[in-house]
Amino acid sequence: MKPAIPKGMRDFSPSEMVKRQYIFETIKKVYNRFGYQPIETPAMENTETLLGKYGDEGDKLLFRVLDNGNPLNQITSAELAARFGASLFDSAAFVNHISGKGLRYDLTVPFARYVVMHQNDITFPFKRYQIQPVWRADRPQKGRYREFYQCDADVIGSNSLLNEFELIQMIDEVFTALGLKVLIQLNNRKILQGIAEYIGETEKIIEITVAIDKLDKIGLDQVNNELRSKGISETAIEKLQPVIQLKGTTTEKINALKNILAQSPVGLKGIEELTYIFDLLQQLPLQSAQYELELTLARGLNYYTGAIIEVKVNDLRTDFSSSVLGGGRYDDLTGIFGLPNVSGVGISFGADRIYDVLNALNLFPENVAATTKLLFVNFGSNEEKYCLQLLGKIRKLGITAELFPEAAKMKKQMGYADAKKIPFVAIIGDEEIKSQTITLKNMTTGMQDKVDFETLVQQLS
RNA sequence: GUGGUUGUAGCUCAGUUGGUUAGAGCGCCUGAUUGUGGUUCAGGAGGUCGUGGGUUCGAGCCCCAUCUUCCACCCCA
């Protein structure tokens, strides 16, 4: 049979893995330094944990896993025939009947489930990070994969806005370390709700936010058309115009919003929250990340209730427009799992997109590919044993070294070192063993020398 | 889910209006060089032309279906 992998999923070769690990390590280090602790959850969750958490669109994108055994055995053939034959055959119910679990769609919902299940062992506020793949049955395209890694950090059990601030600091730390210029866009769901109230369409907040989220992409006219098609009244749309077109500095925008939302307690609360965060950012400036208030930022996920965070690449050398991070606050995510009134706030780096951007911009450091430093040529069993001793010593000193596993032709062994870009080769035969020396060849210059062990170590470190 | 696009050697790609035995570059293997890679030279292996149907005397090329690639929409990291 012909080897293949499922649509939208990828293999990663060594040259890619060293770069990927560099990203993961950078993020992990920052998370650790801020006191976040790692957890992992299983690739699969029960269907009922997943369903209904990401909206109708999200439900469609869930990978469903067929029950083990033959789930159809549980249905009698008569029943099946009746269901299939009936015009009202409920395919969704049928799928649920034969599939009790699915691949996780994100890390936030499994985390909420985790928190509820382990609430007695957790000290709140609980700061956790989680770096694992998630799966979405989306059509693959630029910056979009069916299997990709999210790098989440969340704080659960604290309402303090200091958490939002800390998350923003971590975003800055990570992208500064990676050398990537980014723009952190901030918004607040409460402000969006206030705007919906202000224009008299409180019920349509989701439709409104989804539409205005596209302002950048499709322009004002198209946004208004979409609002109309969602049944928003003309007067509401008219009232909305000056709001979504607000220009100026963050302070100017906020001042304008204070007037507009003066009658909306929720809206004012949102402004207060944002102001608090912006004040902190002013007192303790970020290292390299830019930030702004972006009123059209909505995010699709239903569960955000406060802060909304999104990060975009801010480098003219690339037109990569997808977000490389998303996040926000969700006041009652654990409620549906039976633990009400616990607030959480978190962020999620999209590692695969960050990889694509760093690669396009050539921002991976040269030395990420820290490969083998020294290869011992293998001449046979006697020489092998001798080399193994030296190899052990070298590795103890922290130098990456290997012995070619068979006494192949010299050409083959040298070719291996060359292909693997190993900078030094140690050639040890009878002669060298007798004289207690090592013939050390520098593969870049092509020069070689007889040296003792100390000199060898010196050359390699 | 909607619209478009792609598939020929390990990789990148040629392949004429449908016509004999499907090519190139790179890579790989062997040798020139039995303790010396990257350069050079000589030779060699490697293809169900994504898959399944159809049209035709004849299909890599035309038609249909399907899978895959990439892109846009929806949505999103």
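Just so it is clear: chains get the letters A, B, ... in the order the sequence lines come, proteins before strands, and each one is counted from 1.
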For this session: For A:Leu316, look at atom CG and say whether over 12 heavy atoms of other residues, nucleotides or ligands are found less than 6.0 Å away.
Result: no
Problem set entry | Nearest-Å distance for atom pair CG/P, residues A:Asp11 and B:U69 | 12 Å
Problem set entry | OP1 or OP2 of B:U68 under 4.0 Å from side-chain N/O of A:Lys7 | yes
Exercise. Expressed in whole Å, how much space separates the P atoms belonging to B:C57 and B:C70?
Worked result: 40 Å
Exercise. Checking all strands, does A:Lys214 fall into the base, sugar-phosphate, or nothing category for heavy-atom contacts under 4.0 angstrom?
Worked result: sugar-phosphate
For this session: State the CZ-CG distance between A:Arg317 and A:Leu361, to the nearest 0.5 angstrom.
Result: 5.0 Å
Exercise. Can you tell me how far C1' of B:C76 sits from CG of A:Leu61, to the nearest Å?
Worked result: 8 Å
Exercise. Taking the C1' atom of each, how far is B:U66 from B:C73, in whole Å?
Worked result: 23 Å
Problem set entry | N/O donor-acceptor pair, side chain A:Arg353 with base B:C76, under 3.5 angstrom | yes
Exercise. Are A:Phe337 and A:Tyr114 close enough that their ring centres sit under 6.0 Å apart?
Worked result: no
Exercise. Looking at side-chain heavy atoms only, is the closest gap between A:Gln150 and A:Ile131 below 4.5 Å?
Worked result: no
Exercise. Using atom P of each nucleotide, how far apart are B:U51 and B:A22 to the nearest Å?
Worked result: 16 Å
Exercise. Minimum heavy-atom separation for A:Ile208 to A:Leu227, with atom names?
Worked result: CA-CD2, 3.9 Å
For this session: For A:Asp172 and A:Ala289, indicate whether the former's side chain and the latter's backbone hold a donor-acceptor pair under 3.5 Å.
Result: yes
For this session: Taking the six-membered ring for Trp and the single ring otherwise, decide whether the centroids of A:Tyr355 and A:Phe364 are under 6.0 Å apart.
Result: yes
For this session: Take nucleotides 31-50 of chain B nucleotide by nucleotide from the 5' end and write B, S or -, depending on whether a protein heavy atom sits under 4.0 Å from the base, only from the sugar-phosphate, or from neither.
Result: S---BBBB-----------S
Problem set entry | Secondary-structure stems, RNA chain B, at least 3 Watson-Crick or G-U base pairs under 3.5 Å | B:1-4 with B:70-73, B:10-13 with B:23-26, B:28-32 with B:40-44, B:50-54 with B:62-66
Exercise. Does A:Tyr129 have its ring centroid less than 6.0 Å away from the ring centroid of A:Tyr36?
Worked result: no
Exercise. Is the A:Tyr149 to A:Phe349 ring centre distance short of 6.0 Å?
Worked result: no
Exercise. Which is true for A:Gly143 with a 4.0 Å heavy-atom rule: it touches a base, it touches only sugar-phosphate, or it touches nothing?
Worked result: base
Problem set entry | Whether A:Tyr149 stacks on the six-membered ring of B:A77 base, 5.5 Å and 30° limits | no
Exercise. Using a cut-off of less than 4.0 Å, is there contact between a side-chain N or O of A:Gln141 and OP1 or OP2 of B:C71?
Worked result: no
Exercise. Between the side chains of A:Glu197 and A:Thr202, does any donor sit under 3.5 Å from an acceptor?
Worked result: no
For this session: Can you tell me the distance, in whole Å, between the CD atom of A:Glu226 and the P atom of B:C73?
Result: 13 Å
For this session: Could you check how far CD of A:Glu147 sits from C1' of B:C76, rounded to whole Å?
Result: 17 Å
Exercise. What's the closest nucleotide to the A:Arg139 side chain, out of B:A77, B:C75, B:U2?
Worked result: B:U2
Problem set entry | Comparing A:Ser323 and A:Gly8 on RNA chain B - which has the more 5′ nearest nucleotide | A:Gly8
For this session: Send over the distance from A:Phe63 CZ to B:G1 C1', rounded to a whole Å.
Result: 14 Å
Exercise. In whole angstroms, how far is the C1' atom of B:C75 from the NZ atom of A:Lys60?
Worked result: 10 Å
Problem set entry | Upstream residue (5' side of RNA chain B) when A:Glu57 and A:Val311 are each assigned their closest nucleotide | A:Glu57
Expected list for residues 420-430 of chain A: side-chain donor-acceptor pairs under 3.5 angstrom, two or more places apart:
from, atom 1, to, atom 2, distance (Å)
A:Lys420, NZ, A:Glu402, OE2, 2.8
A:Lys420, NZ, A:Tyr416, OH, 3.2

Exercise. C1' atom, B:U17 versus B:C13: distance in rounded Å?
Worked result: 23 Å
Exercise. Which part of the nucleic acid, if any, lies within contact of A:Gly327, taking any heavy atom under 4.0 Å across all strands shown: a base, the sugar-phosphate backbone alone, or nothing?
Worked result: nothing
Problem set entry | Atom P, compared across B:G53 and B:G58: separation rounded to whole Å | 16 Å
Exercise. Quantified in whole Å, what is the P atom distance between nucleotide B:C61 and nucleotide B:G50?
Worked result: 8 Å
For this session: Determine the interatomic distance between P on B:G25 and the same-named atom on B:G43; round to the nearest Å.
Result: 13 Å
Exercise. Rounding to the closest angstrom, what is the interatomic distance between B:U21 and B:G15 at atom C1'?
Worked result: 15 Å
For this session: Check the distance between B:C75's P and A:Asp59's CG and give it to me in whole angstrom.
Result: 15 Å
Problem set entry | Length of the CD-C1' vector between A:Gln222 and B:C73, whole Å | 12 Å
